Asks: 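Handing you a structure now.
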Amino acid sequence: MIYADYNATAPLRPEARDAMLAALELGAANPSSVHRAGRAARGVIEKARGQIGAAIGSRAEDIVFTSGGTEALTLAIYGTVAALDGAATLIVSAIEHEAAGKAAAHAGVPVETAYVLPSGQVDLEDLKARLGAWDRAAKGTPVLVLMLANNETGILQPVAEAAALVRAAGGLTICDTVQGLGKTAVNVALLGADYLALSAHKIGGPQGVGALWHRAGAPLKAVQYGGGQERGLRSGTENVAGIAGFGAAAAAAVRDLPKYAKLAGPREAMEARLKAEGGVVVIGEESPRLAGVSNFARPGFRAETQVMALDLAGVCVSAGSACSSGKVKRSLVLLAMGADDALAESAIRASFGWASAPADFGRVAEAWLEAARRTVLKESA
Ligand code: PLP
């Protein structure tokens with residue numbers, strides 16, 4: 001089997017598995033308990049917090065562990081709106097993950113869209129104009145929600161530039177860094193955002209663990225209450241083993257950044273072949289994008305048909321637009337970039353990572369071309 005769906009979930013890294021097993025072997029102890037067993041569990045969490053802090057260039061104490069990227073975004077969006085007493089307007093980029101877009105829609109404050117250019121990057125001129133004309137009395141604090149790297153296309157966003165514009169307008173920036181961490185350099189000072197949402201399972205940690213980093217002093221209120229864990233910002237007994245795995249995965253992913261960057265070579269060779277022999281359109285080819293992600297479309301060859309044909313050939317990829325039910329819709333990300341329906345319903349994503357071998361890219365191309373030759377290429381021959 002060739003696994004090329006790292007942006008959905010990356011395989012567990014050995015470092016993460018070892019850290020999780022060691023944490024599980026500590027035995028049953030609540031990290032809030034004051035006895036030695038509890039203190040040992042607490043130590044596991046604090047070690048991981050330090051590892052995540054080192055991975056993003058932040059203080060450990062500004063990191064709150066959550067149950068994943070979705071919860072981190074929910075805490076950031078609802079928690080900021082609550083801390084601002086609802087005197088806020090969210091500006092959400094048109095290509096955000098549903099975890100951000102839907103949380104924003106339910107936050108109880110007005111939501112505006114930050115448009116993206118055909119390049120797939122947010123339109124900074126539009127954002128600047130919008131912020132320049134901001135009526136603070138009517139709209140409250142502008143809160144931008146902008147991802148660092150898009151999950152479907154891998155296209156990188158100019159977060160530092162956007163966050164600087166927002167800061168100058170007295171606003172706040174929430175950055176969904178779920179697909180960026182471990183794949184491109186992430187540094188809180190350089191990004192300039194006020195909140196960063198992170199997730200373990202995209203970097204070789206376990207599913208169901210994530211974190212929210214927040215700038216010291218940034219407005220943030222808890223959205224769930226209870227035992228007051230995580231400095232009162234996220235009550236609930238922590239997932240000790242999961243957090244241990246997240247910390248170890250983050251350390252390994254940042255260590256392996258140069259290795260990840262090298263995926264661009266075989267990725268480009270794969271895309272060149274798919275274009276030449278399969279007539280595909282590579283999405284975001286001219287834009288800065290993650291090295292291990294390839295989103296390509298072949299109008300007339302439906303995304304779900306491609307995914308199924310590749311699955312039969314033992315190759316795991318995604319339709320960029322798949323939702324949790326597994327159904328494939330037209331890609332809203334591609335539509336937001338101005339792509340037409342034919343492109344948006346025929347785009348698939350192959351994503352690679354820490355355990356991918358250069359040969360995997362060739363195998364994906366081979367399997368895709370074979371499937372295309374039986375169907376769409378035959379028809380057009
Ligand atoms: N944000 C992005 C960009 C993602 O790709 C995902 C996962 O698909 C999420 C947020 C949600 O993260 P999690 O699955 O940890 O809740």
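Note that ligands are numbered from 1 as they come in the structure, with each ligand's atoms numbered from 1 the same way. Quantities reported herein were computed from a predicted structural model and do not represent experimental measurements.
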Asks: At a non-hydrogen distance cut-off of under 4.0 Å, which region of Gln207 contacts ligand 1 (side chain, backbone, both, or neither)?
Replies: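 Neither; nothing of Gln207 gets under 4.0 Å from ligand 1.
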
Asks: What is the nearest protein non-hydrogen atom to atom 2 (C) of ligand 1, stated with its residue, atom name and distance?
Replies: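 For atom 2 (C) of ligand 1, the nearest protein heavy atom comes out as Asp176 OD2, 3.4 Å.
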
Asks: If we only count heavy atoms from C-beta on, is the Leu335 to Asp341 side-chain gap below 4.5 Å?
Replies: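 Sidechains of Asp341 and Leu335: in contact.
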
Asks: Please write down residue, atom name and distance for the protein heavy atom closest to atom 14 (O) of ligand 1.
Replies: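 Atom 14 (O) of ligand 1 sits closest to the protein heavy atom His201 NE2, 2.9 Å.
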
Asks: Can you confirm, on distance only, whether ligand 1 has an N/O atom lying under 3.5 Å from any N/O atom belonging to Gly69?
Replies: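 Yes, at least one N or O pair falls under 3.5 Å.
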
Asks: Scan for salt bridge (charged side-chain N to carboxylate O under 4.0 Å, His left out) pairs involving residues 110-120, sequence neighbours excluded, and state none if there are none.
Replies: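 Listed by first then second residue: Glu112-Arg130, Glu112-Lys139.
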
Asks: How are the rings of Phe246 and Phe65 set to each other: parallel, tilted or perpendicular (split at 30° and 60°)?
Replies: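 Ring orientation, 0 to 90° scale: perpendicular.
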
Asks: For atom 5 (O) of ligand 1, what is the nearest protein heavy atom, given as residue, atom name and distance?
Replies: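 Going atom by atom, the protein heavy atom closest to atom 5 (O) of ligand 1 ends up being Gln179 NE2, 2.8 Å.
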
Asks: Just by distance, with hydrogens left out, do Arg349 and Ser294 show a side-chain donor and acceptor under 3.5 Å apart?
Replies: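 There is no such pair (donor and acceptor under 3.5 Å, judged by atom type) between the side chains of Arg349 and Ser294.
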
Asks: Show me which atoms of ligand 1 lie under 4.0 Å from any heavy atom of Gly68.
Replies: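 By the 4.0 Å cutoff, the relevant atoms are 15 (O).
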
Asks: With distance as the sole criterion, is a donor-acceptor pair present between the side chains of Thr9 and Gln207 under 3.5 Å?
Replies: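 Side chains of Thr9 and Gln207: pair found under 3.5 Å.
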
Asks: When you compare the side chains of Ser331 and Glu152, does any donor N or O come within less than 3.5 Å of an acceptor on the partner?
Replies: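 Present: a donor and an acceptor within the cut-off.
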
Asks: Counting from 1, what ligand 1 atoms have a heavy atom of Met147 closer than 4.0 Å?
Replies: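 So the answer, numbered in order with elements, is 3 (C).
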
Asks: Assess, by modelled atom type and distance only, whether the side chains of Asn295 and Thr153 contain a donor and an acceptor separated by less than 3.5 Å.
Replies: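 Asn295 vs Thr153: no donor-acceptor pair found between side chains.
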
Asks: Students should be able to answer this: which protein heavy-atom is nearest to atom 4 (C) of ligand 1, and at what distance?
Replies: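 Answer for atom 4 (C) of ligand 1: His97 CD2, 3.3 Å.
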
Asks: Measure the distance from atom 8 (O) of ligand 1 to every protein heavy atom, then report the residue, atom name and distance (to 0.1 Å) of the closest one.
Replies: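 For this ligand atom, the closest protein heavy atom is Lys202 NZ, 2.7 Å.
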
Asks: First locate atom CG of Leu198, then atom CD1 of Ile63, and finally report the distance between them rounded to the nearest 0.5 Å.
Replies: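 Rounded to the nearest 0.5 Å, the CG-CD1 separation comes out at 7.5 Å.
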
Asks: Among protein heavy atoms, which lies nearest atom 16 (O) of ligand 1, and at what distance?
Replies: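 Minimum-distance protein heavy atom for atom 16 (O) of ligand 1 reads Thr70 OG1, 2.6 Å.
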
Asks: Heavy atom to atom 15 (O) of ligand 1, shortest distance: which of Ala149, Ala197, Ser199 holds it?
Replies: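 Among Ala149, Ala197, Ser199, the closest heavy atom to atom 15 (O) of ligand 1 comes from Ser199.
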
